[in-house]
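The structure appears below as structure tokens.
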Amino acid sequence: MAIKINKTGVEAMQKTAPAFIDAVKWENDRLIILEQTKLPLETSYEELTNVHQVWDAIYHLKVRGAPAIGIAAGYGLYLSVMNFETEDFNQFWNEFQKHSDYLASSRPTAVNLFGTLERMKRLVLAAQGKTVSQTKQLILEEAHRVKTENCDICQGIAEYGLQFIKDGMGILTHCNAGSIATASRYGTALGPIYLAHEKGMKIKVYADETRPLNQGSRLTSWELQEAGIDVTLICDNMAAMVMAEGKVQAVFVGCDRVARNGDFANKIGTYGVAILAKEHHIPFYVAAPSSTIDMATASGKEITIEQRKAEEITCGYGKRTAPEGIKVYNPAFDVTPARYVTAIITEKGNLYPPYETGLTKLFG
Ligand code: MRU
């Protein structure tokens with residue numbers, strides 16, 4: 001069920017001192033998500049009451065961004081067993097595993113999804129000997145924990161990343177790694193920017209539009225404008241020019257999975273931005289919460305890249321912009337090799353090359 005917040009996108013854009021919009025929250029046995037496909041025209045929430053709705057919300061990017069997907073999956077798993085009436089632990093376990101596999105099939109790239117499912121699995125296995133009702137309660141508590149931990153993590157990233165920002169800087173970002181991609185006020189890649197703004201620094205952000213689903217124009221430019229931060233929207237193919245004109249002194253991006261060697265997957269187009277940054281001698285920073293670091297994956301070559309429907313490119317937002325029957329390639333993410341990354345910002349500190357050493361020390 002959709003719940004509309006009492007303001008239009010236009011009214012929202014005129015605000016300068018926003019309240020924190022919690023993109024994923026749990027209320028009265030329901031998962032309430034900010035419906036991100038409706039932004040910026042409409043700020044509305046949707047109530048999810050079963051695991052199928054959660055799968056659908058993740059697949060259709062109503063809830064999106066690696067941390068938010070991981071949080072939604074925890075609550076989705078609880079919803080999947082919440083009304084299951086059995087005290088037989090084996091039956092419960094089978095049901096739990098079936099729904100966990102189902103949620104895992106929603107989107108393949110963000111490791112946060114799999115991290116949460118794995119964490120829940122370990123919790124349920126360790127709960128053997130407890131009643132099914134007690135185990136369900138543990139799952140809900142763990143889902144809350146995934147969410148609150150994310151808030152602390154984003155705060156840590158904002159604080160560590162702040163040292164890379166100087167007053168008056170121009171910063172380019174790609175996709176949306178802000179507040180609404182997480183469940184925190186700061187988000188990941190936008191965290192240091194929000195903090196710099198809070199400290200009174202004047203920052204000028206360039207937000208890539210981020211084709212084909214426009215997370216940059218619909219979401220990043222919206223949330224930064226809401227926060228009163230100076231943000232300028234550019235098409236993806238303008239980044240080179242903006243850099244050449246000397247308008248950008250740093251790039252900050254988020255990520256969906258960081259491999260052990262520091263290669264990382266993020267929204268399609270990130271790799272191109274990294275190459276451009278290197279060419280223009282601009283530092284390129286990746287904000288990576290520990291939940292997005294995948295030490296089991298040796299390098300970017302092993303990361304599964306989500307392929308999405310052709311219509312997202314040929315018929316974006318309902319209007320056909322390509323001939324019927326055209327062949328389309330639509331990977332949702334690309335992998336940026338570690339050699340393009342100036343530093344990885346984590347909640348435990350900033351890492352510099354060689355990344356495998358630092359990542360293993362902090363997260364191994
Ligand atoms: O397809 P999306 O919108 O889920 O892609 C999101 C991104 O690529 C983000 O940059 C990434 O998940 C980091 S969010 C803190």
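Start at 1 and go down the list; that is how both ligands and their atoms are numbered. Each residue takes its place number in the sequence, starting with 1.
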For [atom], what's the nearest protein heavy-atom neighbour? Residue, atom name and distance, please.
{"atom": "atom 9 (C) of ligand 1", "result": "N266 OD1, 3.4 Å"}
{"atom": "atom 5 (O) of ligand 1", "result": "K267 CE, 3.3 Å"}
{"atom": "atom 14 (S) of ligand 1", "result": "A181 CB, 3.6 Å"}
{"atom": "atom 12 (O) of ligand 1", "result": "A66 N, 2.9 Å"}
{"atom": "atom 15 (C) of ligand 1", "result": "T188 OG1, 3.1 Å"}

For [X] and ligand 1, does the shortest N/O to N/O distance drop below 3.5 Å?
{"X": "R64", "value": "yes"}
{"X": "D256", "value": "yes"}
{"X": "G65", "value": "yes"}

Check: Y59 ring centroid to W55 ring centroid under 6.0 Å: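 Yes, close enough.
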Part of R107 with heavy atoms under 4.0 Å of ligand 1, whether side chain, backbone, both or neither: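 Under 4.0 Å from ligand 1, R107 contributes side-chain atoms alone.
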May I ask you to check whether [X] and [Y] show a side-chain donor-acceptor distance below 3.5 Å?
{"X": "N176", "Y": "R64", "answer": "yes"}
{"X": "S299", "Y": "N261", "answer": "no"}
{"X": "E87", "Y": "S133", "answer": "yes"}
{"X": "T86", "Y": "Q91", "answer": "yes"}

Point-to-point distance, once rounded to the nearest 0.5 Å, from CD of Q97 to NZ of K121: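 Result: 6.0 Å between the selected atoms.
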Euclidean distance, K62 NZ relative to L39 CG, rounded to 0.5 Å: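 Rounded to the nearest 0.5 Å, the CG-NZ separation comes to 13.0 Å.
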Winner among C255, A189, S291 once heavy atoms are compared against atom 13 (C) of ligand 1: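 Comparing heavy atoms across C255, A189, S291, the nearest one to atom 13 (C) of ligand 1 lies in C255.
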Could you tell me if any non-hydrogen atom of [X] lies under 4.0 Å from any atom of ligand 1?
{"X": "E306", "result": "no"}
{"X": "C175", "result": "yes"}
{"X": "A110", "result": "no"}
{"X": "N176", "result": "yes"}

Within 45° cone of F333 ring axis and under 6.0 Å: K267 NZ or CZ: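 Verdict for F333: a cation-pi partner in K267.
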Charged tip of K25 within 45° of Y45 ring normal and under 6.0 Å: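 Flagged: K25 positioned over aromatic ring of Y45.
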Atoms of ligand 1, numbered as shown, that sit under 4.0 Å from any heavy atom of Q215: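 Every atom of ligand 1 under 4.0 Å from some heavy atom of Q215: 1 (O), 2 (P), 3 (O).
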Under 4.0 Å to a heavy atom of P67 - the qualifying atoms of ligand 1, by number: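 Answer for ligand 1: 14 (S), 15 (C).
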Parallel, tilted or perpendicular: ring planes of Y285 versus F252, cut at 30 and 60 degrees: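 Y285 vs F252 ring planes: tilted.
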